[in-house]
Amino acid sequence: MEPIIEFKNFCFQYDSQTEPTLLDINLKIYPKERVLIVGPSGSGKSTLAHCINALNPCSRPGKTMGTLKVDGVDPAKAGVFGMSRIVGTVLQDTDGQFIGLTVAEDIAFALENDAVLQESMKRRVDEVSELIEMKPFLKHSPTALSGGQKQRVSMGGVLVDDVKILLFDEPLANLDPSTGKNAISLIEEIGQKRDVTVLIIEHRLEDALYRDVDRIIVVGEGRIVYDGTPADLLCSNILNEQGIREPLYLTAIKHAGCEVSPEDHPESITKMNLSPYRDALRNWYEHTETVPKRIHKNEVLSVSDLCFSYKPEEPVLKNISFTIYEGEMLSLVGKNGAGKTTLSSLILGFIAPTSGEIKLLERDITPLSVKERGEKIGLVMQSPNQMISKPMIRDEVALGLKVRGIPEEEINKRVEKVLKICGLWPFRNWPVGALSFGQKKRVSIASILVLEPKILILDEPTAGQDYRHYTEIMEFLKELNQTMGLTIVMITHDMHLMLEYTDRAIVLSDGELIADDHPAKILTDKEICERAYLKETSLYELSVKCGIEEADSFVERFISFERENRKWADD
Amino acid sequence: MGRRLISYEEKDTWIHRLSGFTKLFFFLLWCVTSALTFDTRVLIVMLIAGVAIFISSKTTWKQVGGVFQAILLFMVLNLLFIFIFSPYEGTGIYGTWTEVCKLPFGVKLTAEQLFYEFNVMLKYFTVVPSVFIFLVTTDPSEFAASLNAIGVPYSIAYSVAITLRYIPDVQDDFSRIRNAQAARGIEMGKKANIFDRIRRTANIIFPLLFSTMERIDTVSNAMELRGFGKKKKRTWYAGKKLSIPDYIVIVSSLLFMIAALLFTWMDGNRFYNPFI
């Protein structure tokens, strides 16, 4: 069979860079294959994908060497428009790529550009909307859709053209865990119905493997470092070397001292043959102790019977009560629209509650202004670009003190201290534009820390970050928590974050607090997971299959073992 | 979420069923006619017709009230300024002098001036219903298609659609950024003086600009990947085909315009003169 995509000794270098991003790529992908491309940020996996749809070099100029053929044509010659008939690309930002004012218009967009007549356009849109199960929503606007529905629409938008290849660029990046799971199933289903070749680029390996793929390609530092079956990859050491997280159940099996063999189907916990590992795991479980929990005594923030609504008949938050203690690291979870952001807005005073009370250090905070609350409760937004307004790092960090009229000398002292804590001291006189995303994130955290808050609230601190950057950011936050005793609340979708770094999770669903417990308990509770659009951890299935009855205790032991033994190969 | 000033509402009236192109065409003709003529009789006919059409579109006060008040205010100011800067415009036009009374500063109020300004007011009232009809009864999805249909290049017409699509998102970004900066102590409230406020606006505008630029980058990639700009022409999913009522409206508004202008210029100029 002829390959549908073929790279031969292919190199690519952006005009804006001094080094090539892709080196010596040799790769063949055959029609109707399902291929997963993984690699850490900056490895070149997105560059590789964008060579296939011709965004490189047509939109982002660069030099190519060697040859690339996609369905018999050279993308660089066919251009983005030419390739759009062969390759349908779904970008990672489901919000940002929604072009039309309504679902129907968005699906029709490619047809409009092809000047297809209205009658046949309407017919095609109807067909496609049925395939993606969005027919009842054709007249809805994007703001009225959930994350999963937006993903369906973006798939619809590329499926209206009879494309031969579907390319998904990090489809899981902005989705909550259970929506992500559904997205992977949908990708498989549509791939089969339409007989297309499917390429998925993702760094969340365990989630992407929720459905079978034929092949995995690992990209590292611009080269292909692995090209083969998922099972063989999972039994090798390549993932570790590249800084890609392996599925948690395999980590657990390895902790128990076992060597995983490819014949046992390690690519899926549901299919995996666990009999060779069962005894070792049980043995490990019985001999591993949990680290005693840290006991926190002093209340920092307490919320009681908090209610909020824009219209009385549609409550957004219903009788929320919880207490946060000094020095805790806590996660606030729930699907989009569950009320997480509303809750943090209430605490920070951007909006006023309908009823209920919020106390900071045992004092009612109702009389405090937003500015006054901001001195005690720091808010760090998801993207540092949403916060940074000064060109120089030092000015940005000093901003919050300057507007408070604090004397110059004191400002310098505090800024210096914070820059050192955040590891930004060497860059203090750099322009912000020269920093990486992770460093910018630190700047945005530093600019809040300088106000010396009691609590730090972070909105999705690790969204869109690969394992290495995720670990970097989280270890930094953990250090702040441990050395400064800073209380940290994280609003998150990331279940790994929840499990590994927080001792407690507050779960919201449709405006109600449905759980306030140890993350290991929550992620092994089917009912709560379903209501909150979380996904049970694969460790749960592992422990059930191994006949360990207290799944939550198994997960807890695994996590504390991990924390004790974490060695991040920081070369 | 801020309330929109003028909001489209889906209703089933003969005006809603018309194509956006027809309504835009009618609106443009109506404006041109009203701008050209100063004939009171024509203006009164246009006013009555405009109000009648407006009523049959079942538009509620809630949809347009705010904007209508703003237009009224602007009109009153306009009329006042005409009087202040050119108190004898009317006598010059109509060629007679009928004094009504004396005003302070030696200014005299004339019936001609009053009649002239009455005509200006009528012009406002003839145009307003046609603007509202276009804005309130045309599905925003159809805007771009109608602009393109009257000859605006589609890339420009589409930028209208994409702006409408992203206004709510940018508004959300704005309030998120403003809130986060307020928590850092950069308040936009009334406490700060005007210079501080201008300076502090920069602390919101720059992050907003950067995050908007990120959006633009994503959406322009998404548009290109789906073939935007590939051909010289493009079709519109939401565009309505012209049907018989559309042709009737287009032809009759054209006929009306011709008749109105002929009638206006029958006596040699654009004014109706009751003073001779």
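Residue numbers start from 1 in every chain, and the chains themselves are labelled A, B, ... in the order their sequence lines are given, proteins ahead of strands. The figures here come from the full heavy-atom set of this structure, side chains too, leaving out hydrogens, waters and symmetry mates.
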Quick one: of [options], who has the most non-hydrogen atom pairs under 4.5 Å with chain A?
options: B/Gln181, B/Lys232, B/Glu224; value: B/Glu224
options: B/Trp236, B/Phe210, B/Tyr154, B/Phe206; value: B/Trp236
options: B/Ser220, B/Ala144, B/Ala222, B/Ala161; value: B/Ala222
options: B/Leu209, B/Asn203, B/Ile205; value: B/Asn203

Considering all heavy atoms, the nearest [X]-[Y] contact:
X: B/Phe228; Y: A/Phe109; value: CD1-CZ, 3.5 Å
X: B/Tyr237; Y: A/Ala104; value: CE2-CB, 3.3 Å
X: B/Ile186; Y: A/Leu399; value: CD1-CD2, 3.4 Å
X: A/Ser59; Y: B/Asn221; value: OG-OD1, 4.3 Å

Using atom types as modelled and distance alone, determine if a side-chain donor or acceptor of [X] lies under 3.5 Å from a backbone N or O of [Y].
X: B/Arg165; Y: A/Phe98; result: yes
X: A/Asn385; Y: B/Pro207; result: no
X: A/Gln97; Y: B/Val219; result: no

Check this for me: [X], atom [atom1], are more than 12 non-hydrogen atoms of other residues, nucleotides or ligands nearer than 6.0 Å?
X: B/Lys11; atom1: NZ; result: yes
X: B/Ile244; atom1: CD1; result: no
X: B/Lys58; atom1: NZ; result: no
X: B/Arg215; atom1: CZ; result: yes

Check each atom of [X] against the heavy atoms of chain B and say whether the ones under 4.5 Å are side chain, backbone, both or neither.
X: A/Asp106; result: both
X: A/Val125; result: side chain
X: A/Arg404; result: side chain
X: A/Leu55; result: side chain
X: A/Lys376; result: neither
X: A/Ile377; result: neither
X: A/Lys402; result: neither
X: A/Pro453; result: neither
X: A/Met387; result: both
X: A/Asp114; result: both

**Item:** B/Ser141 and A/Thr102: CA distance, side-chain angles, deciding distance, side chain to side chain contact (heavy atoms under 4.5 Å, CB included) verdict
**Value:** CA-CA 8 Å; B/Ser141 302; A/Thr102 59; 4.1 Å; yes

**Message:** Just by distance, no angles: are the side chains of A/Gln118 and B/Thr235 close enough, under 3.5 Å, to form a donor-acceptor pair?
**Reply:** no

**Asked** Are any non-hydrogen side-chain atoms of B/Arg226 and A/Ser84 less than 4.5 angstrom apart?
**Response** no

**Request:** Output, in order, the C-alpha distance, side-chain angles, deciding distance and verdict of side chain to side chain contact (heavy atoms under 4.5 Å, CB included) for A/Ile99 and B/Tyr158.
**Result:** CA-CA 10 Å; A/Ile99 303 163; B/Tyr158 206 83; 3.5 Å; yes

**Request:** Please assess A/Glu375 against B/Arg184 for the test side chain to side chain contact (heavy atoms under 4.5 Å, CB included), listing each intermediate value before the final yes or no.
**Result:** CA-CA 7 Å; A/Glu375 285 160 22; B/Arg184 276 171 83 184; over 6 Å; no

**Message:** Between A/Glu119 and B/Lys241, is the salt bridge (Lys or Arg N to Asp or Glu O under 4.0 Å) condition met? List the steps.
**Reply:** CA-CA 11 Å; A/Glu119 292 86 63; B/Lys241 279 247 173 74; 2.7 Å; yes

**Passing option when A/Glu112 is tested against B/Lys233, B/Arg234, B/Lys231 for salt bridge (Lys or Arg N to Asp or Glu O under 4.0 Å)** =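 The passing option is B/Arg234.
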
**Prompt:** What's the verdict on side chain to side chain donor-acceptor pair (under 3.5 Å) for B/Ser211 and A/Gln386, showing C-alpha distance, side-chain angles and the deciding distance?
**Reply:** CA-CA 6 Å; B/Ser211 50; A/Gln386 291 174 316; 5.4 Å; no

